[in-house]
Amino acid sequence: MKLKDIEKSTNKNLYLLFLSVLVGLSAGFLTSLYRLALEKAETLGLKIYNFTSHQLFTLPLLILGLLLLTAVITFLMKRYPMSSGSGIPQVKGQLQGYFKNNWFTTAFSKFVAGTLAMLGGLSLGREGPSIQLGASMGQMVSSRLAETERHKRILIASGASAGLSAAFNAPLSGVMFTLEEVFKYFSPLILVTCMASAMVADMVSRLIFGAEPVFHFQIVGSIELSDYWLLLLLGVVLGFFGAFYNWTLLKSQGLMKKINSSFLRVFISFAVVAVTALIFPLVVGSGHHLMERFSFGMGLGFLCVILVSKYVISMISYASGVPGGIFFPLLVLGASLGAVFATIVINGFQLPHHLFANFVILAMAGTFTAIVRAPMTGILLLVEMTGSFDHLLPLALVSLVAYVVADLLHAAPIYDSLLEIMLDDREGKQEVEEGQMMFETIVPFDSIADHSTVAQLALPEGCLLVSVHRSGRDIIPQGKTELQAGDYLTILIKREDEILAREELRKVLTEK
C-alpha cells in the first residue's frame, strides 16, 4: 500500500492547491475560447439564416452546408463518443470510475463539434461542454503532475468547477455545482481546490469578457410579503414543468435512438432547426439573444408561442446526441415560463409592471432546481449571473417548492438519468485496469453506519478501510472504532473492482 495516498500533510495540500491553480488557468483559457467561438458561431449562423430567408435561391447552398456540418459532427461523435451530449454525465461517470477518457481527443472533438452545432442554430448550451472541457484540462494537469489517483480525480473535479465558472462568470456556482451535483458531499480539500480553480478561471474569463453579469435584468423593486403566495404557486408550476421536461427529454432520446443512422438523427435536428430559423429565428440558438428581449409588453400569446417553440427545438436539438448542454436552454425555458406566469399574475392581480423581471429570474432558478435537483447551485447561479443579491429569499422559496414538487412526482435528477442511460449503453464495454487505488466517501447523517463500529460495518469484499478523518484529525480504524455521521472514510480497493465496490459501499452507507 502507498501510504502517501492517505497523507494529509500541509505541504502536500499546498502542492495540490498549486496544481488546482494551474488547472484553473488552463480551464479558464480553453473555456473562454470556447465561449468566444460559440458567440461568433451563433451570430454567423443567425446571419446566414436571415440572408437565406430573404434570398431563397441560396436555400440549396444552406442545405449543402447543413449536410457538411452533419457529416463532420457525426464523424467526431462516432470517433470520440465521450464528446457526445452534454458532458456533465460523462464527467460524473469518469469521477466514479465508469469511464476512461482521453482528455485531448475529447476536448478537441467537444470544442469543434459544439461550435459547429451552434453555427447550425441548435438550441444547446455552453455549460455542459465547458464543464467537460475544464475537466479535460484537470485531467491533463493531473496526468503529469498529480501523485495519486485520488488527487487526479480531485483535479478533474476542480477543472469542472473552473469550466462552469468561466462559462458564466460564476465561480461560486462552479464550486457548488461540483459539491452538490458531482460529489454530492462536502469535503474541505475538494472545496479548497475547486475554489482555487474556479476563482482563477473566473479571472481569466473576466479579462476576456469583462466583469459584466451574463444577464442584464433591471430590478426596480421586490415582491411584497403579502404576495409571496404567488411564489408558492410559481414553485408548484415549475416543479410540474421540471418533471415533464425530464420525462420528455428521456423519451425524445429514446425515440431518436430508434433511428439507426446517427447521421440521419443529426441531420433531422439541423433540418427542423433550419426550418424554424427561416420562419421564427427568435427561438433558435442558445437563447441568449432571446433573454435580452423578454418584456412585459410582448403579450401573453406571443410568450406562449416562444415557450412552446423553444421547448420543442430544445428537445430535438439535444435528443440527437450532438455535443452541447441543456443547462442554458433550460434557463431560457424557465425564463419563458416565468414571463408567461408574470404576465398572467401582473394583469390578473394588478401588480406593478416592474415585477416582471423578478418573476423571470425566480422562474429560472426554480426550473433549474426542478430539473437538475441542485437548489443551492441554482440560487447562486442566478445571483451571480444577474449581479443582484436582492432576491435571495424568494429564490430560496421558489427553488424549495419546485424541488419538493418534482421529488413528489418521482422525477429523477436529469444528469443522473442521463448517466444511467450511458451506462446501459456501454454495458460490458468498459476497460479494466489493474492495481490499487483509494477514494474518499462520507458517512451520511441518516445512515445506519452512524454510531456503528467498523466491525459491524458490512464492507464489500475487497474494500479495506484505511483511515477515518474526523474533526481535523486522522484515526487509524480498528474493529471497535465507532463511526460517526460526517466522518470521511478513505477506502482502499482494486482498480478493477472500483465500479462494483463504489455501488456496494454506497448501499451500505445509505442504508437506514
Side-chain angles (χ1 to χ4, degrees), residues 85-86 88-89 92 123 125 127-128 164 173 176-185 228-254 287 307-308 310-312 314-315 318-319 325-342 344-345 358-383 385 391-422 444 446 510:
S86 165
I88 294 175
K92 291 182 63 173
S123 182
E127 69 304 315
L164 182 57
S173 303
M176 184 54 66
F177 183 79
T178 302
L179 295 175
E180 191 175 27
E181 172 61 23
V182 177
F183 284 102
K184 298 188 184 296
Y185 74 87
Y228 266 39
W229 66 272
L230 290 172
L231 303 187
L232 298 177
L233 177 60
L234 177 60
V236 172
V237 171
L238 297 176
F240 276 94
F241 177 78
F244 181 69
Y245 177 95
N246 288 3
W247 179 82
T248 309
L249 186 66
L250 299 178
K251 286 294 183 182
S252 62
Q253 275 198 325
L307 174 61
V308 174
K310 188 65 178 176
Y311 190 90
V312 173
S314 297
M315 291 296 160
Y318 189 80
I326 60 173
F327 208 133
F328 198 90
L330 72 84
L331 290 179
V332 177
L333 286 172
S336 304
L337 185 57
V340 171
F341 183 87
I344 294 174
V345 298
N358 298 60
F359 284 112
V360 169
I361 292 172
L362 296 176
M364 283 193 286
T367 302
F368 179 86
T369 298
I371 294 173
V372 181
R373 218 63 58 81
M376 291 304 300
T377 302
I379 293 170
L380 286 175
L381 185 65
L382 267 298
V383 167
M385 292 177 73
H391 37 264
L392 278 175
L393 178 58
L395 277 174
L397 179 58
V398 171
S399 297
L400 176 62
V401 175
Y403 184 103
V404 171
V405 171
D407 196 55
L408 289 175
L409 293 173
H410 304 291
I414 189 60
Y415 291 123
D416 288 350
S417 299
L418 293 174
L419 177 58
E420 289 180 7
I421 292 175
M422 291 183 66
D446 57 352
T510 57

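Keep in mind it's a predicted model, so treat the numbers as computed, not measured.
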Can you see which heavy atom on A370 is nearest to which on G239, and at what distance? CB-CA, 4.1 Å
Nearest 0.5 angstrom please: L397 CG to L230 CG, how far? 11.0 Å
Just wondering, do P89 and E420 contact through their side chains at under 4.5 Å, heavy atoms? no
Side-chain touch Q253/Y318, heavy atoms, less than 4.5 angstrom: yes
Atom of G366, atom of A402 and distance for their closest heavy-atom approach: O-CB, 3.5 Å
Between L381 and F327, does the side chain to side chain contact (heavy atoms under 4.5 Å, CB included) criterion hold? Intermediate values first, please. CA-CA 11 Å; L381 185 65; F327 208 133; 3.3 Å; yes
Is there side-chain contact between V372 and T377, with heavy atoms separated by less than 4.5 Å? no
At what distance, to the nearest 0.5 angstrom, does CG of L418 lie from CD1 of I88? 9.5 Å
To check you understand the geometry: which heavy-atom pair defines the closest contact between I326 and E127, and what is its length? N-OE2, 3.3 Å
One should read off an interatomic distance between I414 CD1 and L419 CG, to the nearest 0.5 angstrom, of 11.5 Å
How far does CG of L238 sit from OH of Y403, to the nearest 0.5 angstrom? 16.0 Å
Heavy atoms of I371 and G242 approach each other most closely as CG1-CA, 3.6 Å
Which heavy atom of Y415 sits nearest to which heavy atom of S86, and what is that distance? CE2-OG, 3.8 Å
Distance only, no hydrogens: is a donor on one side chain within 3.5 Å (strictly under) of an acceptor on the other, for Y245 and S314? no
Within the distance-only criterion (no hydrogens, no angle test), does the side chain of S399 pair as donor or acceptor with the backbone N or O of A396 below 3.5 angstrom? no
Find out whether L331 and T367 are in side-chain contact, i.e. whether some heavy atom of one side chain is under 4.5 Å from a heavy atom of the other. no
Please verify the inter-ring angle class for F244 with Y311; under 30° counts as parallel, over 60° as perpendicular, anything in between as tilted. parallel
Working to the nearest 0.5 Å, report the span between CD of E181 and CG of L164. 11.5 Å
Carefully, step by step, assess I379 and M176 under the rule side chain to side chain contact (heavy atoms under 4.5 Å, CB included). CA-CA 10 Å; I379 293 170; M176 184 54 66; over 6 Å; no
Gap separating the CG atom of L330 from the CE atom of M364, nearest 0.5 angstrom: 10.5 Å
With heavy-atom distances below 4.5 Å as the criterion, would you say the side chains of I361 and L395 are in contact? yes
Tell me, do L231 and F359 make a side-chain contact under 4.5 Å, heavy atoms counted? yes
Any side-chain heavy-atom pair from L382 and F368 closer than 4.5 angstrom? no
